[in-house]
Structures are given as structure tokens and as C-alpha cells.
Amino acid sequence: MKSRRLALAIGVLTLAVLAVSVPGSLREARAHGGFYLFSIRFFEDIPKRLAGPGRLRFVFQPAMAICLGWRAGRADARAGRPPYLYGLLLHAEHRAARVREIWEGIAVLLLMGILLDSVFQWVLLGVSYPGAALVVGPVLITVPYLAARSAAGRVGRV
């Protein structure tokens, strides 16, 4: 119950920050003739993200996701469930439950990734782009989480 309240509070805060970001992002899109996400400017700003004040999140967010994924993968192996990605892709009857499990496992971390990306865009770039925050934040979390959960499930079965 406590983790659901935390996820709800962070979710509301994340939505508020993204909503505040939209007008500035639209002004930027109009001024530059297109949206920021996957534009040349997006790729030119990646070094700023990696070298600026928020650079440690590129280490800590994936590290936390790996720890959580490893723990969940070990629990999958102990419960006799198949490795996560294998079960998600090939066992359609359990797919909805598996997707719900991942959301419960990383909801707060995922929301924090989106929130931090949006805030650090303001710090580094002077404007926040909600589309980029909705892509970069989750990628830093879900890819390492899924890889670690699947690997731990595979190792735990051996």
C-alpha cells in the first residue's frame, strides 16, 4: 500500500512537470520548425547530458534497475517461472500478469527516470522536452531491468 502511494505521488509530480514542459516545448518546436525528439539537436545534446550535472544518473538509474531486475529474476527462478522475456514473449496466457509484475517492480524507478530527465533538461538545456523525457528515462530503466531479470532467471534455473 505504501509503495502504491509513493508511485501515485511521484506519478502526479511527473505528470505536473511534463504538463508544465509542454508550452515551452511547443514554442521551441515552432521556432525550430520541428519537434526535438530524434532531431539533430537531440543527438547533439547527448554529450551535454553525459557531461553535465546529471551525468551520474546514467550510472545510478541503470544500476538500480539491474539490482531490481536481478532480484525479480531470482524470485522467478525460485517460483519455477520461465526467464522473464522468454515467458513474456512465448507464454501468451501469462503475458498480462507478467506485464503487471514489471510495472509493480519498477514503477517508482521508471517515474523517477522520467522526472529526472525532464528536470535535468531544464538545468542543462534551459527547456524541457516531454517527448525526450518519455523516451530517455524509460530506456535507462527498462532495458537494464529486463536484461538483468532475464539473465538472473536463466542463471537461477541452472
Side-chain angles (χ1 to χ4, degrees), residues 1-76 83-86 88-89 95-96 98-153:
M1 185 62 133
K2 200 175 205 179
S3 67
R4 284 189 181 189
R5 279 193 213 144
L6 178 63
L8 180 64
I10 293 173
V12 168
L13 181 61
T14 301
L15 284 174
V17 168
L18 291 175
V20 169
S21 301
V22 169
S25 177
L26 291 176
R27 273 193 306 275
E28 287 282 318
R30 186 168 187 197
H32 289 93
F35 287 101
Y36 177 75
L37 187 61
F38 300 125
S39 68
I40 293 172
R41 288 187 4 245
F42 174 80
F43 291 107
E44 288 172 348
D45 288 342
I46 288 176
K48 291 180 190 174
R49 291 171 184 247
L50 295 173
R55 67 182 171 270
L56 282 179
R57 73 188 170 93
F58 287 99
V59 174
F60 289 129
Q61 285 178 323
M64 286 300 300
I66 289 168
C67 291
L68 291 173
W70 192 264
R71 187 177 73 181
R74 297 285 302 197
D76 288 345
Y84 188 78
L85 285 175
Y86 177 80
L88 184 68
L89 297 174
R95 192 169 292 143
R98 301 295 285 201
V99 169
R100 197 172 320 108
E101 286 175 18
I102 191 174
W103 177 248
E104 291 171 0
I106 64 168
V108 171
L109 193 60
L110 190 63
L111 291 169
M112 286 299 296
I114 295 167
L115 181 64
L116 286 173
D117 193 72
S118 188
V119 169
F120 279 113
Q121 284 180 40
W122 264 320
V123 171
L124 296 171
L125 308 173
V127 66
S128 178
Y129 302 99
L134 288 168
V135 170
V136 174
V139 166
L140 288 175
I141 304 300
T142 56
V143 172
Y145 178 87
L146 290 173
R149 185 167 181 171
S150 294

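Values in this document were obtained by computation on a predicted structure and should not be read as measured data.
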Verdict with reasoning, D45 to Q121, per side chain to side chain contact (heavy atoms under 4.5 Å, CB included): CA-CA 10 Å; D45 288 342; Q121 284 180 40; over 6 Å; no

Under the criterion side chain to side chain contact (heavy atoms under 4.5 Å, CB included), I'd like the reasoning laid out for D76 against R98: C-alpha separation, chi angles, the key distance, then a yes or no. CA-CA 10 Å; D76 288 345; R98 301 295 285 201; 3.4 Å; yes

For atom [atom1] of [X], is the number of surrounding heavy atoms from other residues, nucleotides or ligands below 6.0 Å larger than 12?
X	atom1	value
R95	CZ	yes
F58	CZ	yes
F35	CZ	no

Enter the distance from K48:NZ to L124:CG here, rounded to the nearest 0.5 Å. 8.5 Å

Going from CZ on R149 to CD1 on I66, what distance comes out if it is rounded to the nearest 0.5 angstrom? 15.0 Å

Between F120 and V136, is the side chain to side chain contact (heavy atoms under 4.5 Å, CB included) condition met? List the steps. CA-CA 12 Å; F120 279 113; V136 174; over 6 Å; no

Of L8, L68, L6, which meets side-chain contact (heavy atoms from CB on, under 4.5 Å) against V108? L6

Considering non-hydrogen atoms only, spot the tightest contact between [X] and [Y] and give its length.
X	Y	value
P130	V22	CG-CG2, 3.9 Å
V17	S118	CG1-OG, 3.3 Å
R57	L140	NH1-CD1, 3.9 Å

State whether the side chain of R30 and the backbone N or O of L26 hold a donor-acceptor pair below 3.5 Å, judged by distance alone. no

Examine distances only and state if a side-chain atom of S128 and a backbone atom of S21 form a donor-acceptor pair shorter than 3.5 Å. no

Does a side-chain heavy-atom distance below 4.5 Å link [X] with [Y]?
X	Y	answer
L134	L18	yes
W70	C67	no
I114	P138	yes
L115	L111	no
L116	F60	no
I141	M112	no
I40	H32	no

Which residues pass the salt bridge (Lys or Arg N to Asp or Glu O under 4.0 Å) test with R41, not counting sequence neighbours? E28

Which residue pairs satisfy the ring-ring contact (aromatic ring centres under 6.0 Å, His included) criterion with at least one member in residues 123-147, sequence neighbours excluded? Y36-Y129

